[in-house]
Amino acid sequence: MGAEQFLAAKASEAVAALFGSQVPATSLQVAPTRKEFEGDYTLVVFPLLRISHLAPEATGKAIGDWLVDACPEVASFNVVKGFLNICLSGAYWREALQAIDGDGNYGTLPSTGKTIMVEFSSPNTNKPLHLGHIRNNLLGASVSNILQAGGNKVIKATLVNDRGIHICKSMLAWKQLFDGATPASTGKKGDHLVGDCYVAFSNLLKQQTAQLMEQGMSKDEAEKAAPCMKEAHDMLVKWEQGDSEVRALWEMMNGWVFEGFDQTYRSLGISFDKVDYEHDTYLLGKELVQKGLDMGVFTKDPDGSVWCDLTADGLDRKLVLRGDGTSVYITQDLGTAERRFAQYSLDSHVYVVGNEQDYHFQVLKLILGKLGYDWASQIYHLSYGMVELPEGKMKSREGTVVDADDLIEDMYNEAKATSEESGKLADMPEEEREKLYHMIGLGALKYFILKVDPKKTMLFDPRESIDFNGNTGPFIQYTHARICSILRKAEAEGRSPEVGDVVLNPKEVRLVKLLSAYPSKVQEAADNFSPALLANYSYELAKEFNQYYHDTPILREPDAELLSARLSLISNIARVLRAAMGLLGIELPYRM
RNA sequence: GGUUCCGUAGCUCAGCUGGAUAGAGCAACAGCCUUCUAAGCUGUGGGUCACGCGUUCGAAUCGCGUCGGAAUCACCA
């Protein structure tokens, strides 16, 4: 049990004993005392005045006196206005550190018995991954880690959009304009090559559209009438008919893309437990449409199209099946959700998808609820904001899209340059150094993106974002490396970490206090799907350590017992930093 | 126009289940490396928490309204 809960429970007892009134511990506010006041935790007594019928100061004093008498853990207290500041005993903090030290799974919460699927990434196979995908991937991977630490069984899933008119466009351009080019023949990463095809198609379409417009067509008409557009449509029809030539080309080009994606995923450190492909799932959901019709939830228009009327819920009428009997996007999402919940006995399902699809997921939940699935309420859309550049939104037409692979490479190079400048790693073998640069560069990128509240639109400045000072991933990595360095030297001197029977100084108490808050941070992060919370916690801990480090000599401490206790403290700081950053998918090097 | 989200220091962001004098980093300026890693630490300056009203002992935080920005409202995905 954390100190805050413990004190709230004790305060509840105090109120019962003093004022004869039952106040549940959960409704009492106990928070860490602000730096400028003396004490460890503060109980706000204002809400209790109604019960105590005393002035704020008197109420605080009464509870403080009771606590000091009744709890050996409470050493002293002071009251400022309506705030009761409580100091816990040295023994309490010593034991708290011992408890953390002795818990091999510190920060991993007890099992909830729940299975949660997290779907993220879900790329299209017609272009390489970009900065927006990076935010998606990092959020999805981190939230998966956090939910797992929160005691859930997590299934990481992705749904690859590998079919449809957009792929046919790339295929057509490749056939007509690329002269048999392959990733091997061009030395280009497969997803980039296919992306080039897609761009080539767009240019071709633009050309043909312009020609037709000169002949007097409107833009819409011209785009529809363009020969290349017709050919792409023909290709889609052939694909759906299972034409062997088209299918072979489709498989080959998708294969290139997957290989390219795999490489990007590997360098981001991302993996999936379950990969669905749209060519397998795009027909799902049709039987749900029939079910909806039978239930009277959907209605059929004269032209054969099927609709769900959501006007009573403040939304519009939503199409769930086209007049020609083919599915739309939501049809397959309904079917895929149904299949997943049944197949994996899911307790809940998180979708990491950009906020441009807020409406879609609102509708998805509503319709599933209307179809009678009670798990519909356990669907969560983790909606994240766009990533913008200093000059505004990324626009592929203007070529301002930040490519994922380029960005990862830039981060690596920046880490390399900064490290070489410091010259600290001269003795490290080349291979290890490269790994380290990757860890640092990626740490900076991941932290930069994950520390921001997902739902906010965030700004990415390519120049400033590659910063390694201040509230950044490398700062935390560096702090960890420093701690490890001290521990290495201590070990070489034959010292070992041991809490022992010492009295920790106030700064050390602050650090233990932070450490003991870790499990509740994990819980909070899991409840809110919030990596940002853990990022900011890690920074606070690292910063607090750095301040401590600067004015407390550790290895030069003459008292051997105190030295051992400090080693134990800092090794647990390193451990918690590793755990917290691990949940963000950021590795902490032991040296840098 | 309807719905949803956002608005905190020059910039990027924390803080939001209501609590004490609103915090970091960057940028600027001034200090600290014969001492456990200076990717660090210390200090200075920088604020109408978009605006107004309400709720209450107390509001950046909750409610209503206004203004500003974004997303969305397809027989696209």
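Here is how names work: the chains are called A, B, and so on, in the same order as the sequence lines, proteins then strands, and each is numbered from 1.
- Residues K455(A) and D358(A) are not paired through a salt bridge, judged by the lack of any N-O separation under 4.0 Å between the basic side chain and the carboxylate.
- For E278(A) and C76(B), the CD to C1' distance is 11 Å, given to the nearest whole Å.
- Among the nucleotides C6(B), A24(B), G40(B), the one closest to the side chain of K543(A) is A24(B).
- Aromatic ring orientation, F448(A) versus F460(A): perpendicular (interplanar angle above 60°, classes split at 30° and 60°).
- Here R322(A) reaches the OP1 or OP2 of C76(B): one of its side-chain N or O atoms lies under 4.0 Å away.
- Applying a 4.0 Å cut-off to non-hydrogen atoms, none of the residues of residues 163-171 of chain A approaches RNA chain B.
- Listed by residue number, N536(A) are the residues of residues 517-537 of chain A with a heavy-atom contact under 4.0 Å to RNA chain B.
- Residue T552(A) is in base contact, counting any heavy-atom pair closer than 4.0 Å across all strands shown.
- Using a 4.0 Å cut-off between a side-chain N of Lys or Arg and a carboxylate O of Asp or Glu, D324(A) and R322(A) do not qualify as a salt bridge.
- At the heavy-atom level, P56(A) lies nowhere under 4.0 Å from the strands shown.
- For N85(A) and D453(A), each mapped to the nucleotide of RNA chain B holding its nearest heavy atom, the one lying further toward the 5' end belongs to D453(A).
- Atoms CG and CG, on D551(A) and N546(A) in that order, are 11.0 Å from each other to the nearest 0.5 Å.
- Note: CD1 (I476(A)) to P (G40(B)) measures 11 Å, nearest angstrom.
- Using C1' as the reference atom, G47(B) and U55(B) are 26 Å apart when rounded to the nearest Å.
- Taking 4.0 angstrom as the limit, K456(A) places a side-chain polar atom (N or O) nearer than this to OP1 or OP2 of G7(B).
- In this model, the phosphate group of A38(B) is approached by a side-chain N or O of R482(A) to a distance below 4.0 Å at OP1 or OP2.
- Taking only distance into account, the side chain of T472(A) never meets the base of A39(B) through a donor-acceptor pair shorter than 3.5 Å.
- Annotated stems with RNA chain B as a participant read B:1-7 with B:67-73, B:10-13 with B:23-26, B:28-32 with B:40-44, B:50-54 with B:62-66, given as range with range, by first number; only runs of 3 or more Watson-Crick or G-U pairs under 3.5 Å qualify.
- Here the separation of A59(B) from C53(B), taken at their P atoms, is 13 Å to the nearest Å.
- Here the nucleotide nearest the side chain of F37(A), chosen from A20(B), G40(B), U37(B), is A20(B).
- Here I440(A) lies in heavy-atom contact (under 4.0 Å) with a base.
- Comparing C16(B), C73(B), A20(B) by their nearest atom to the side chain of Y359(A) picks out C73(B).
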